[in-house]
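Structure record follows, encoded as C-alpha cells.
Start at 1 with the first residue, then count along the sequence.
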Amino acid sequence: MKFAKTIAMTALTSSALIMGGCASGGYGYNSGISNTAKGAAAGAAAGALIRSGGDSKDIARGALGGAAVGGAGAYILNNSR
C-alpha cells in the first residue's frame, strides 16, 4: 500500500509540473516545455529517488524540495544567458 501511494504521489507531482510548463504562453506559438519546468521535473524525480528509503511523506517532501531547487536553478541559468 505504501508503494502505491509513492507511485501515485510521484505521478501527480510530475504531471503537474509538466502541465504547468506547457501552460506558458504569450508568444503566439507553443514553444514546448520551458527549461524551468524541465529543471523542476528533474529535481522532483531526483528528490523522490534520494528520499525513497522513507515513507510516502518523506518521498513527497523530497520531490517537493527537489522541484523547488531544480526549478530555481534552471530559472537562474536560463535568465543569466
### Task
Sorted by first residue and then second, give each salt bridge (charged side-chain N to carboxylate O under 4.0 Å, His left out) pair with at least one member in residues 64-79; sequence neighbours left out.
none
### Message
Quick test of your reading: applying side-chain hydrogen bond (donor to acceptor under 3.5 Å, both in side chains), list the pairs with at least one residue in residues 66-76, sequence neighbours left out, ordered by first then second residue.
### Response
Tyr75-Asn79
### Query
Does any pair with a residue in residues 71-80 pass salt bridge (charged side-chain N to carboxylate O under 4.0 Å, His left out), and if so which ones, sequence neighbours excluded?
none
#### Entry: Residue pairs passing the salt bridge (charged side-chain N to carboxylate O under 4.0 Å, His left out) test where at least one lies in residues 42-52, sequence neighbours excluded
Arg51-Asp58
### Message
To the nearest 0.5 Å, what is the distance between CG on Asn78 and OG1 on Thr36?
### Response
5.5 Å
### Task
Can you see which heavy atom on Ala74 is nearest to which on Gly39, and at what distance?
CB-CA, 4.0 Å
